[in-house]
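Read through the structure below, which is laid out as structure tokens, and then see the notes.
A, B, ... follow the sequence lines: proteins, then strands. Residue 1 opens every chain.
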There are 4 protein chains.
Amino acid sequence: MHKRRKSEILSAAALCFAAKGVHQTSMQEICEAAAISAGALYRYFESKDAIIFALAEQERLENAELIAHLTPSEDIVEGLCQALPEIVALSGDEQYGRLTIEIGAEAARNPAIAEVFARNETELRGALVDALKRGQGRGDVDPSLDPEAATFLILALFDGMPGRRLFVDDVAPDRLVGTLAGFLRKILGSA
Amino acid sequence: MHKRRKSEILSAAALCFAAKGVHQTSMQEICEAAAISAGALYRYFESKDAIIFALAEQERLENAELIAHLTPSEDIVEGLCQALPEIVALSGDEQYGRLTIEIGAEAARNPAIAEVFARNETELRGALVDALKRGQGRGDVDPSLDPEAATFLILALFDGMPGRRLFVDDVAPDRLVGTLAGFLRKILGSA
Amino acid sequence: MHKRRKSEILSAAALCFAAKGVHQTSMQEICEAAAISAGALYRYFESKDAIIFALAEQERLENAELIAHLTPSEDIVEGLCQALPEIVALSGDEQYGRLTIEIGAEAARNPAIAEVFARNETELRGALVDALKRGQGRGDVDPSLDPEAATFLILALFDGMPGRRLFVDDVAPDRLVGTLAGFLRKILGSA
Amino acid sequence: MHKRRKSEILSAAALCFAAKGVHQTSMQEICEAAAISAGALYRYFESKDAIIFALAEQERLENAELIAHLTPSEDIVEGLCQALPEIVALSGDEQYGRLTIEIGAEAARNPAIAEVFARNETELRGALVDALKRGQGRGDVDPSLDPEAATFLILALFDGMPGRRLFVDDVAPDRLVGTLAGFLRKILGSA
DNA sequence: TATGAATGAGCATTCATTCAT
DNA sequence: AATGAATGAATGCTCATTCAT
């Protein structure tokens, strides 16, 4: 079926991109990894850029989901803390980390991909900012906090983790989770 | 003189890489930007990889300097906070941000460059970890803090800023500096 | 019915070829224009060359007809002159002109198509030469005329018109018809 | 030297195009025929289209020259007649004929090449029309002649010759020259 | 009979690198 | 030291044709 084949190709491409980099991977290599001919591949994606684009979209959706499902109702501080194990685990997955970096680099130069990023970023930031403001209203969150700046910094921290874990591997995930949870509580919490 | 020419070439390459990406930039483009012939360029750098390598080294040196000069003696928490305006300003420089991302992506796949990163990372982390431990000894830093995990997270946050500022531009630098300083004091400070 | 479908495909192909050129037109485009699938098309024509071949044959038949119906009995000079409005009109049809040029170019390199051309050319020339000779016998045509050379030149003129009308459009068809009729009468006519 | 190399490439390309057709000739084939590498060729011509364009320009210049040098002063009818041996000889050159047809077909679909054609056509037609009008003024040319229509038809005849001579070879050049000269005198001449 | 996914050789073009001058 | 023309393998992509359904 069409969707299935497309996602097979995307997985193969993700593997290649993570291993060698977007621009070091040739279409032939993707074809081989996906066990498909060049001609057939182009029925599913009209260009290499379209593959990168689709991966960017897919990744950002996953990413957004991860953080989005914690914002709706409860105490965000605790919500965020509960999501940390998953976020930290993901940031430690080598293939995920490498792909994230590649796609991010691509977004820095390819306007179409930058747009995918921008769309999700806007939603994500908006959600987090709103949650923080709600928390401030409710008294869960430090009322003196600058919600936009705090959101920026928290998301920057999440962004920076995969790259760092590619080079540094001597801090166990649970120490990161524990320390990060402590940080968030101190930083955001009222009292 | 030799060194001068080399660094001119590096500047030209940095400009190109930031604008178009490492692998979208041809040696011809670097030659034109550096006003040098292809043949001559190869007397200074034996390959494109050698240029990337040199840029990686240069950038990491700058980076290390930035944080290194704050660790030796005083209160690191205040030292870090004093360095923040410069760190934030740098992370907001588009050319710097783009180049950082490009070089980082390259490090994720090119072992020689990964090594440059690793060397500096180790020093940098070591310095920060030591400073935190010293702070704990002296009583400036929360004694319950995990120094390695905290270092990891702070550096991840710094790493993530340039990329984020490429897409998000609605939080003024001084708000970032202020909020970040507040974070560091809450997170690291004893009491 | 078979014939109907074949001619639909030919019309679609003719349209495409005229618009984009034989070798700039893909089989997919012909399929789309003819509203037929690739697999089905190949049941009607065994290759792209077969389509070009069929179009060449079709076009030359039309062409031959145009001139052939004037040769049998009457005064050829007047017969030719009476056919001129149609010939000139046809040469002014853009789609016809473009297709003629494409097919002609193809004939110059594809032996199979060259043969189609040759067959019709031989008949056509033979008919015109015979008619001129009959005219000379009957006294309608200048007896000092070289029938083969004259035929060659008249047909060359007809051949050259479509191409020229693609680029030159400032001479009204009826002026061409009038002038050409005058030419033929002066050139061929006795007295 | 640069100009020399460019014209060598053009000659090689002309040979290939005449033999196989513009779109059946690959750049590799042109490279081999010109004894040059692909990379080097692209230093001289930025694309295949640029080669076709250059050939079109070259050919049209030759063409224009051929007819242009006969128009300035004397009796155009006699001038034209004197140029006929060369025109006829050229139209009989197989390589020239094939290339002319290919380039003409290309002009029918490629706007850039159509423009080259148009430019020369305009000059050429203008020159011939003017010469005929001058002839009418001087009394050399039939005053009842429509100069634009006549020019159109004469040039169409010249255009049609190369194609026809590719298929018909049984009329000796001097018969064509003689008959054509007779035609022109009858058609154009006053008296 | 018809479909349209699949094939894979082929294409125009690029680019890191070399080397005669 | 410097030039820039030359190399040729590699790239992303296309397309006539086939064939399982």
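In a base pair of the Watson-Crick type (N1 to N3 plus N6-O4 or O6-N4) or a G-U wobble (N1-O2 and O6-N3), with each distance short of 3.5 Å, dG8(F) is matched with dC15(E). For dA1(F), there is no paired base (Watson-Crick or G-U wobble, both distances below 3.5 Å).
Taking atom CD1 of residue Ile51(B) and atom C1' of nucleotide dC15(E), one finds them 14 Å apart after rounding to whole Å. Computed from coordinates, the Lys48(A) NZ to dT11(F) P distance equals 9 Å when rounded to whole Å. Note: CD (Gln24(B)) to C1' (dG12(F)) measures 13 Å, nearest angstrom. When the P atom of dT1(E) is taken as reference, atom CD1 of Ile9(C) falls 13 Å away, rounded to whole Å. Atom CG in Asp49(A) sits about 14 Å away from atom C1' in dT11(F), given to the nearest Å. We find that CD of Glu46(A) is positioned 9 Å from P of dC13(F), with the value rounded to whole Å. The distance from atom NZ of Lys6(A) to atom P of dA6(E) is 13 Å, rounded to the nearest whole Å. Rounded to an integer number of Å, the gap from CD of Glu32(B) to C1' of dG4(F) is 12 Å.
The side chain of Tyr42(C) lies closest to dT18(F), out of dT18(F), dT14(E), dA6(E). The side chain of Ile36(C) lies closest to dT3(E) when the candidates are dT3(E), dA12(E), dA16(E). For Ala38(A), taking side-chain heavy atoms from C-beta onward, the closest of the listed nucleotides dT17(F), dT14(F), dT13(E) is dT14(F). When distances are taken from the side chain of Met27(B) to each of dT7(E), dT17(E), dT13(E), the shortest belongs to dT17(E). Comparing dC13(F), dA16(E), dA12(E) by their closest approach to the side chain of Ser26(D) singles out dA12(E). Side chain of Arg43(C), nearest nucleotide from dT17(F), dC11(E), dA2(E): dA2(E).
Here the closest heavy-atom approach between residue Ile30(B) and residue Ala12(B) is recorded as O-CB, 4.3 Å. Closest heavy-atom contact between Val22(B) and Phe17(B): CA-CD2, 3.7 Å.
Both Ala40(A) and Ala40(B) sit near DNA chain F, but only Ala40(B) has its closest nucleotide nearer the 5' end. The 5' end of DNA chain F is approached more closely, in terms of each residue's nearest nucleotide, by Gly39(B) than by the other of Gly39(B) and Ser47(C).
Within 6.0 Å of atom CD in Gln95(B), more than 12 heavy atoms from other residues, nucleotides or ligands are found, so the atom counts as buried in its surroundings. The number of heavy-atom neighbours closer than 6.0 Å to CD of Glu115(A), taken from other residues, nucleotides and ligands shown, is 12 or below.
When heavy atoms are screened at a 4.0 angstrom cut-off, Ser37(A) is found touching base atoms of the nucleic acid.
Phosphate proximity of dA6(F) to Tyr44(D): present, with a side-chain N or O under 4.0 Å from OP1 or OP2. Close to dA1(F), at under 4.0 Å from its OP1 or OP2, lies no side-chain N or O of Arg5(B).
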Criterion side-chain contact (heavy atoms from CB on, under 4.5 Å) on Lys3(A) and Lys6(A), from CA distance to verdict:
CA-CA 5 Å; Lys3(A) 271 239 176 120; Lys6(A) 269 189 107 156; 5.7 Å; no

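With hydrogens and angles left out, the side-chain atoms of Glu106(B) and His23(B) include a donor and acceptor closer than 3.5 Å.
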